[in-house]
Number of protein chains: 2
Amino acid sequence: MTALSDHRTAIRPTMADVAAEAHVSVKTVSRVVNHEPGVRPDTAERVRAVIERLGFRRHDGARMMRQGRTFTIALVVEDLANPFYSQIGAAVEREARIRQHQLITASAEGSPTRERAVIEALVNRRVDGIVVVPADESASSDAAVEASQTPIVYMDRPVRGAPRDTVLSDNHGGIRSAVEHLVAHGHRSIGLFGDDPAFWTARQRREAFVATHQSLGLPGSPRVSMGPHSPTSVRESLTRWTQGTDATTAVITGNNRITIALLLALRDLRLPLSLVGYDDFELADLVDPPVTVVHQDPAAMGQKAAQQLFARLLGDESPAQTVVMPTRLVVRGSGLRRGPASR
Amino acid sequence: MTALSDHRTAIRPTMADVAAEAHVSVKTVSRVVNHEPGVRPDTAERVRAVIERLGFRRHDGARMMRQGRTFTIALVVEDLANPFYSQIGAAVEREARIRQHQLITASAEGSPTRERAVIEALVNRRVDGIVVVPADESASSDAAVEASQTPIVYMDRPVRGAPRDTVLSDNHGGIRSAVEHLVAHGHRSIGLFGDDPAFWTARQRREAFVATHQSLGLPGSPRVSMGPHSPTSVRESLTRWTQGTDATTAVITGNNRITIALLLALRDLRLPLSLVGYDDFELADLVDPPVTVVHQDPAAMGQKAAQQLFARLLGDESPAQTVVMPTRLVVRGSGLRRGPASR
DNA sequence: GGCAGGCATGACAGCGTTGTCTGACCACCG
DNA sequence: CGGTGGTCAGACAACGCTGTCATGCCTGCC
């Protein structure tokens, strides 16, 4: 009589326990907990007192199940420790939090297989939506995922197959601004150290580099070295490029890691080389000279992606949209022309 | 007759749908889905075929509810974009993933109130356990949380109240190694730039600094300037400290941000100052001279915390444990004695 | 032929909540 | 005094799954 679930009461009280204790029905407890109208103030007060006394907490799992939504979104990236992704994560989490949702983060470690498994698990949990930085261009367009109506927004890289909302960075514009900056400072022979062409973004940046090179009518054929790169591999190309009459006077590095590899290589080589790095990095202005970079805004991208996702959750049925986020050239000095005599 | 939930079938098939289609009971479908024994191979095959055809996915929410566990753990930190926390996040996620659990990450933005709200929401979700880097020393020891039997592991900072598993970094040892390193290189007048004493770790490091100062019998009273710090505030103290006969010749910076502030200040000041920074940072060896640091290993800490949490989930009932993770002095050059003539 | 014992399968309840519907009660009005 | 309408409260089912228990069938053995 005292409780519907005597032994469990000690563990974790349910609405039934509260109801029994307060001599009301379970439904009335539910109404009080959810601030629904139609409960007399004194009844509500009595229920609240019992809730307090028993330490009752609503079981959101049961609630979700009943309501068919989980108030959860997920973020799937390659590696959470990577600042690019963690900034995205922070932004997405923020958007989720202000909408009373929670965020599940998962790393796929760059493996399409793992990514598929992770997404499937998320779909099985019935997360309300997913933001994915896809491991490869075909990875997630899995039949199962397609079939599940779970809204997905892709980031940073597009995915083939059924069109989905996608948030990209303006790789082309970023590279163009870098090249133009260097040209404006008198450089004519510019090299590119790109990342592994397995990455879509790396290919994009290479294409943009070549295209800009041509559209600006720069002499010679564009010098490009695609990664993966180490300080050693960078040094090798550099020594080759800086010989002869058309010596390279400036380089663009295709991402963060390569920028660092280049800086390490430069420290030994002591070449009068100008530089624009793709991706901003924390200490860019502590290096000597401070490094001019193409700044992408991962936080803004993450925010945008989350916002797009939530629009879908709220019923937006418009056709899938691709947003290209602008980049910004942050001029710090390393892009200036430096004669051998300087410094 | 064809299905228990006709209209919903189009949306998302359930075991009941599969069962009806395969002419078996729901329980048999369950058995097949979960690879339980006791199903004839041909029956299983038939069920699998239907599952495939309908695109059935088990609803994990329902499963969790039935089983009373969510296969979910949570991580609560101040700011996911901060590398220290994101490295922890990556490590915790990894431990969770290899145990078939998922990770909910939440930022409390340094506010104890928000932290409490976040944790309460997680408890309501019945996450199986929580790793928390607490915003303050009393924050999470909330009655509600205490009452919920949810296992919690604290990281980086201890929390007053009922003892809980805690993973700390060896602040004392880290500072001591830094001071000893500087002393070994001939420094006698060493200053500390600590963070805001509101942070437990900042206070710890200050205490350790003072204690080491005394135990090594260094002359004079220890010079300490607690934060928050900016390049300006650092420069101010520096100019004061480096005058007179007992001029400070080396400083220790209490964390990452302060190290950077100091480097910025030094760039203008051009003082022959030695430095050991607390916390490693990405480009520490690209700065000139490369910065010697006390390295904490956030990934190892996160891993340890997650492992401790999972031990509890597996039924470990031993008394709460506090683990202190070692730090490591990474010598890169900035700690060496530098006369005014050098460079 | 009868029965023990094993195997394959199913019926049913229940996890904790909420949506729907029904009902009790009271006040007010013509 | 009967009818209308509003307010508060409860009964019940359902969300989709799994644990427990029951059932039916077949095999093998005495």
Side-chain angles (χ1 to χ4, degrees), chain A residues 3-9 11-47 50-51 54-71 123-126 128 148, chain B residues 3-9 11-47 50-51 54-71 123-126 128 148:
Chain A
L4 287 179
S5 43
D6 258 314
H7 69 288
R8 295 200 49 282
T9 300
I11 311 300
R12 192 92 79 148
T14 73
M15 284 193 179
D17 299 317
V18 176
E21 202 76 9
H23 305 289
V24 295
S25 75
V26 181
K27 180 65 209 190
T28 297
V29 177
S30 171
R31 278 192 264 258
V32 172
V33 169
N34 298 303
H35 307 101
E36 283 173 36
V39 181
R40 251 192 359 240
D42 58 326
T43 313
E45 194 39 61
R46 186 155 39 96
V47 171
V50 176
I51 288 177
L54 299 188
F56 165 83
R57 309 274 117 188
R58 182 180 61 199
H59 189 312
D60 280 342
R63 172 170 223 243
M64 292 165 190
M65 160 131 217
R66 185 65 237 260
Q67 303 195 141
R69 345 180 10 191
T70 54
F71 290 88
V123 168
N124 285 355
R125 283 205 171 207
R126 305 295 193 266
D128 295 336
S148 83
Chain B
L4 286 179
S5 43
D6 257 314
H7 69 288
R8 294 200 52 284
T9 300
I11 311 301
R12 192 92 81 147
T14 73
M15 282 193 180
D17 299 318
V18 175
E21 202 75 10
H23 305 288
V24 295
S25 75
V26 181
K27 179 66 209 191
T28 297
V29 177
S30 170
R31 278 193 264 257
V32 172
V33 169
N34 298 303
H35 307 103
E36 284 174 35
V39 181
R40 252 193 359 240
D42 58 326
T43 312
E45 196 39 61
R46 186 154 39 97
V47 171
V50 175
I51 287 177
L54 299 187
F56 166 83
R57 310 274 118 187
R58 181 180 61 198
H59 188 312
D60 279 343
R63 171 171 224 240
M64 292 165 190
M65 159 127 224
R66 185 67 235 262
Q67 302 195 142
R69 350 180 6 194
T70 54
F71 291 90
V123 167
N124 286 357
R125 285 208 170 202
R126 305 294 193 269
D128 295 336
S148 83

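So you know, we letter chains A, B, ... as the sequences are listed, proteins then strands, and number each from 1.
Residues A/R125 and B/R57 form no side-chain contact, since every pair of their non-hydrogen atoms from C-beta on lies 4.5 Å or further apart. Counting heavy atoms from C-beta on, the side chains of A/R46 and A/V24 come closer than 4.5 Å. Within the 4.5 Å cutoff, side-chain heavy atoms of A/S25 are placed close to those of A/T28. Side-chain contact between A/T70 and A/M65 is absent, with no heavy atoms from C-beta onward closer than 4.5 Å.
Look at B/S25 and you won't find any side-chain N or O under 4.0 angstrom from OP1 or OP2 of C/dA11. Within the structure, every side-chain polar atom (N or O) of B/T28 is placed at least 4.0 Å from both OP1 and OP2 of C/dT9.
Side-chain proximity of B/T43 to C/dT17, C/dT9, D/dG10: nearest is C/dT9. Listed candidates were C/dG16, C/dT9, D/dC17. Nearest to the side chain of B/M15 is D/dC17. Closest approach to the B/R40 side chain among C/dA8, C/dA11, D/dG16 is made by C/dA8 (side chain taken as heavy atoms from C-beta onward). Distances were taken from every side-chain heavy atom of A/E36 (C-beta onward) to each of C/dG19, D/dA9, D/dC17; the shortest belongs to C/dG19.
Spacing between atom CE of B/M64 and atom C1' of D/dC17 amounts to 12 Å, rounded to whole angstrom units. Atom P of nucleotide C/dG16 and atom CE of A/M65 are separated by 13 Å, given to the nearest angstrom. Across the protein-nucleic acid pair, B/D17 atom CG and D/dA14 atom P stand 15 Å apart, rounded to whole Å. Distance CD (B/E45) to P (C/dA8): 16 Å, rounded to an integer number of Å. Atoms CZ (A/R66) and P (C/dT17) sit 13 Å apart, rounded to a whole Å. The nearest whole Å value for the distance from the CZ atom in A/R69 to the C1' atom in C/dT18 is 15 Å. Atom CZ of A/R12 is separated from atom P of C/dT17 by 11 Å (rounded to the nearest Å). Atom NE2 in A/H23 sits roughly 16 Å away from atom C1' in D/dG10 (whole-Å rounding).
What you find for B/R12 and A/V123 is that their closest heavy atoms are NH1-CG1, 3.8 Å. Here the closest non-hydrogen pair linking A/V26 and A/A19 is N-CB, 3.7 Å.
Across all strands shown, B/N34 has heavy atoms under 4.0 Å from sugar-phosphate atoms exclusively, and none from any base. At the heavy-atom level, A/V33 lies nowhere under 4.0 Å from the strands shown.
For the pair B/R58 and B/F56, the cation-pi criterion (under 6.0 Å, within 45° of the ring axis) is not fulfilled.
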Polar-atom pairs under 3.5 Å, protein N or O versus N or O of nucleotides 20-26 of chain D: list them with distances, or write none.
none

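Rounding to the nearest 0.5 angstrom, the gap separating the CG atom in B/L54 from the CD atom in B/E21 is 5.5 Å. In this structure, CE in A/M64 is found 9.5 Å from CE in B/M64, a value given to the nearest 0.5 Å. One distance of note links NE2 of A/H59 with CZ of A/R66; it measures 15.5 Å at 0.5 Å rounding.
Taking the screw axis at each terminus of the helix from C/dG1-D/dC30 to C/dG30-D/dC1 from five consecutive base pairs, the angle between the two is 70° to within rounding of 10 degrees.
Projected onto DNA chain D by closest heavy-atom contact, A/Q67 and B/Q67 fall at different nucleotides, the more 5' of which corresponds to A/Q67. Taking the nucleotide of DNA chain C with the nearest heavy atom to each of B/R126 and B/R46, the more 5' of the two is matched to B/R46.
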